[in-house]
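Values reported hereafter were calculated over all heavy atoms of this structure, with side chains retained and with hydrogens, waters and symmetry mates removed. Only a predicted model underlies this, so the values are computations on that prediction, with no experimental measurement involved.
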Amino acid sequence: MSRGNRKSFPDRLKRWLKLDSGNVLPDQRISLTEELSCELGVESPTPTRMKAIKELDELLSVKILEEFGIEKVWCLVKDLLSEMCPAEQRHTTLQMLTTLVSTHENLGVMRQVFFEYISKNYQHEEIEHMFRFFCAVIGKGKKIEHIEESVGMFLLEWLPAVLEMPQAVDGLNLVNTLVKFNSAFLDEPVVVGFVMRVVSRLLQARDEEEAVLCLQVLESIIAYSSLPSSALSHIIYALTRLVNVPQITKLTYKILIQLFGTHHGRNGLYVLCQMIHKMSDPHIVRGAIFFLASVLWGSNRIPSLDCSPAVVLPTFYQVSQNSHILVVFEVVLSIQKLLAVKADDMHLSSWSQLLGTLANVFRHTVCLEDGEERDTIMNILSNIMDYIEELVDTERYYGLIEEFHVLVTTYAQYRPVDSVLKVLNYQAKNILPVDPNWQTKLGTLFSVHYHQGQRLGIRMKALDILSKVFIHYRDQHGIELVRDVVLVHLDGVEREAQVKIRKAAVKLLCKIVMKLHSDITLSVLYMLEKVMMAPYKRGNSVVLESEAADIVEAVDNLVLALKIKMWELPSSHAIYIFKILLSCLEHHYQNKILQNTTIRFTILEMILEMRINENYQIGFIKNELRDVGRSPSSISKYSPFIILDHIHSTDLEEETLQAAAAMSLEENETTPLSLAQATSLLVTALKKEKDWAILSLILKKLSKALQNKVLVIGRDRNEIVRLISALISMIDDRCLDLPASLYNTPAKFNQSLFQRNIFQVLAKLVPHHMHFDYSIQRKVIRCLSVGVINQYSGPLCISTITMCVLEMQDSMLKVVASVINSFSRMSATVPRARAMMEFLSTLLHFPNVYSNFVANQYKLIFAIAIHYTNPTKFNHYIVSLAYHVIAMWFLKCRLPYRISSVTFITQHLNAILKNMATIEVKTSKDSKPTKLQDESYACGILSSQYCHVML
């Protein structure tokens with residue numbers, strides 16, 4: 001039979017086996033006939049053999065070969081696997097053998113045959129075909145009978161090349177399966193080798209799938225084999241690195257927990273600690289820290305690894321010196337886990353290590369740029385510090401409290417105010433003079449929390465501590481505290497931006513001024529002076545009242561300090577305080593930068609409350625000594641150490657020294673104090689002040705101060721003249737626009753109410769007329785005559801002019817005519833009646849004052865008095881006094897003027913009598929005349945008789 005008439009091999013094979021595509025049974029096998037063996041054998045041409053191999057490969061994918069067929073086929077085709085054969089032939093043959101082997105579960109000794117071939121030729125054949133054949137031979141790792149001792153080492157040697165092929169996943173799956181099903185046959189070197197190869201591949205994984213497979217291989221090695229200790233570090237290294245990958249973090253964590261749950265747990269802890277110490281890669285270090293904290297203190301912590309925090313805290317302390325943000329973040333998270341689980345088991349050394357670790361973390365975190373990472377770490381740190389603080393409060397903290405406070409102090413700006421205040425309170429209790437470095441500690445505390453701090457509450461607390469320390473130890477160490485701490489750390493306080501801080505500092509400085517009697521007090525006063533002068537030196541910007549609280553505090557306390565220091569030595573302190581207050585007031589009226597009523601009010605009130613006794617010793621109306629714990633009853637009202645620098649000092653020097661001697665004082669212990677600047681400022685205030693609250697204070701207090709005779713006579717004449725001129729200008733100077741230009745005035749405030757206060761002061765100045773010349777006296781009289789028409793101060797002005805008649809006759813001589821003339825133009829009113837009549841009756845007794853009167857002036861006097869003879873309008877006393885004035889002035893009138901005065905008097909009296917008659921309701925015909933009618937009639941008869949005699 002020719003070759004061309006022969007049917008194809010599949011047709012003949014189907015005919016021989018009576019197989020058909022429609023009736024193939026599962027239990028049927030492929031028989032290796034002689035014809036098929038011939039075509040596969042060496043005697044057939046190569047193309048025939050290749051064709052038969054390919055067709056057999058197709059059938060083997062659905063059917064299996066008969067028993068012992070594998071051996072037969074191997075013997076028929078193994079020559080095609082020779083290196084001398086073309087690669088295509090070898091690949092086709094290997095593909096058929098792979099299909100053949102994969103369909104047989106029990107290869108028997110042929111597995112060893114195939115394995116020997118693979119082990120000898122795998123380096124000379126393409127790896128993909130050979131690897132598939134190898135996988136089929138060992139059943140993808142499940143079947144290794146007859147080659148148990150060799151397959152592991154062989155695969156280990158071949159694995160690097162396998163993992164480099166595109167189908168590296170298959171190689172990993174093979175190793176994974178081999179470990180799962182045959183780990184008992186894998187020697188320690190093989191397992192270690194697998195671990196190293198897989199770890200190496202894991203760290204170079206192309207994608208997530210490959211990385212997961214590598215991890216699964218490692219997981220299988222841990223679970224199914226006895227992992228050698230030498231492989232432990234390799235696995236842990238890989239896991240610490242891969243845990244940073246978010247997609248496989250959970251799987252990595254799971255594998256490590258499984259690893260540390262084995263007998264390798266303790267060794268694993270040691271490996272992690274060594275990695276933390278020696279590794280420089282921040283990702284590996286972070287992973288190691290994460291695993292170490294997780295297995296010891298995490299939610300899935302391993303009970304068998306429970307150990308004291310002191311074992312691993314040194315490691316955390318060392319790694320905390322690493323400034324990488326990943327490491328810093330993981331360290332702070334680990335500490336949080338530790339405290340949540342082991343806080344009650346930590347002792348002194350452990351707390352020291354932990355606080356040192358936190359200090360390093362704080363140091364690195366504050367250097368980070370602002371961002372989400374920094375904020376996250378700071379929040380965790382804050383929570384940790386809060387928890388430690390809670391432990392301290394509940395007495396569950398067993399470390400050194402000072403170490404914790406040092407940490408809080410160092411990073412106080414990142415802690416809540418209440419937390420820092422607790423530290424300050426504790427530190428304040430430990431500042432005691434028994435400690436040789438107590439002042440240094442106080443200075444350090446103040447420097448850290450006052451100068452370096454920014455928050456108001458903490459800085460205020462630092463000032464409060466300094467104040468309390470001074471109060472407690474001022475008697476023994478006051479001078480040292482002020483010299484070494486206060487003056488050093490509060491220097492430049494006037495430049496402080498926060499007004500509350502300046503106010504608290506001023507309060508402390510004022511306490512020092514009041515409590516200390518040393519020369520160093522002058523340095524403190526100098527600091528206070530700089531604070532009070534600061535607004536005037538900064539520029540022309542207006543300082544609001546709310547920004548001047550420190551100056552208000554300084555003024556209030558310095559006024560009190562002045563009233564205390566005046567009774568103490570040295571007197572220079574009180575005099576310096578007085579000058580500071582006056583300088584502050586002077587600067588205000590010069591610049592008007594500081595818009596604060598309280599400051600001016602307090603200083604001016606202090607000035608106006610000063611009094612002088614007959615020995616020219618200075619005192620105050622109000623005794624403030626009880627405010628500082630002293631008994632006012634045991635202290636003189638006037639200072640024995642400070643006397644007024646008065647114009648009569650030369651004449652009274654001997655008297656003053658005698659008074660000082662009576663008080664057991666040395667001559668050099670009395671110090672003169674000049675009030676010239678104070679008087680000048682009062683005059684300035686009267687001229688420039690527009691706040692009625694202050695101006696009214698000056699006018700009311702001034703009127704009382706002028707009752708202190710020694711205070712007035714001790715002043716220079718020019719000072720009194722300037723004061724009078726200022727008062728008069730407030731009435732007659734229209735340019736001042738008073739009171740319209742004032743503010744803070746009461747409702748319905750008018751000119752009459754305003755001027756009433758000024759006339760009251762002028763009235764108090766009249767008794768001191770001998771201290772100002774005639775021209776000023778006349779100005780005062782004219783001003784008072786203007787005030788007569790004032791509805792509130794008219795009687796006062798008239799009474800004062802009456803006093804001028806008694807005291808200043810020379811001056812009244814030149815102005816009395818104008819005064820009488822102004823009086824005559826006023827209507828007769830009940831409020832002014834008594835004062836007016838008393839004025840006219842008093843003037844009557846001083847002929848030298850009205851010696852130059854002419855007829856017209858007498859008529860004006862009669863006209864004034866006649867108006868007050870109306871009994872229907874005025875009381876009996878006023879009417880009687882009016883008639884008396886008319887009669888007496890008529891008698892005092894010069895003879896040539898009496899004739900003309902008679903007619904004038906009688907006409908006006910008759911007019912008043914007629915008016916009285918018309919308003920009487922009933923008049924009895926036989927009723928007797930009233931006394932007033934008799935007086936009127938008597939005045940008329942007196943005038944008429946005198947006129948008749950003269951004619």
Might you confirm whether atom [atom1] of [X] has over 12 heavy atoms from other residues, nucleotides or ligands at distances under 6.0 Å?
X: Y224; atom1: OH; result: no
X: E34; atom1: CD; result: no
X: D344; atom1: CG; result: yes
X: Y387; atom1: OH; result: yes

With side chains defined as the heavy atoms from C-beta onward, is the minimum distance between L215 and V198 less than 4.5 Å?
-> no
Side-chain contact, heavy-atom cut-off 4.5 Å: S382 with Y414?
-> no
For the backbone of [Y] and the side chain of [X], can you confirm whether one donor and one acceptor N or O come within less than 3.5 Å of each other?
X: S320; Y: Y317; answer: yes
X: T376; Y: E372; answer: yes
X: R301; Y: G298; answer: yes
X: R241; Y: V285; answer: no
X: S183; Y: K180; answer: no

Derivation of the salt bridge (Lys or Arg N to Asp or Glu O under 4.0 Å) call for R90 and E83 = CA-CA 8 Å; R90 298 197 305 273; E83 294 183 12; over 6 Å; no
Inter-residue atom distance F260.CZ - N267.CG, 0.5 Å rounding | 9.5 Å
Take R201 and E164 through the test salt bridge (Lys or Arg N to Asp or Glu O under 4.0 Å) and record every step on the way to the result.
-> CA-CA 9 Å; R201 189 63 194 176; E164 291 298 327; 3.6 Å; yes
Considering only NZ, NE, NH1 and NH2 on the basic side and carboxylate oxygens on the acidic side, decide whether E39 and K51 come within less than 4.0 Å.
-> no
Donor-acceptor list for residues 129-145 side chains, cut-off 3.5 Å, not counting sequence neighbours:
residue	atom	partner	partner atom	Å
H129	ND1	R132	NH2	3.0
E145	OE1	R111	NH1	3.2

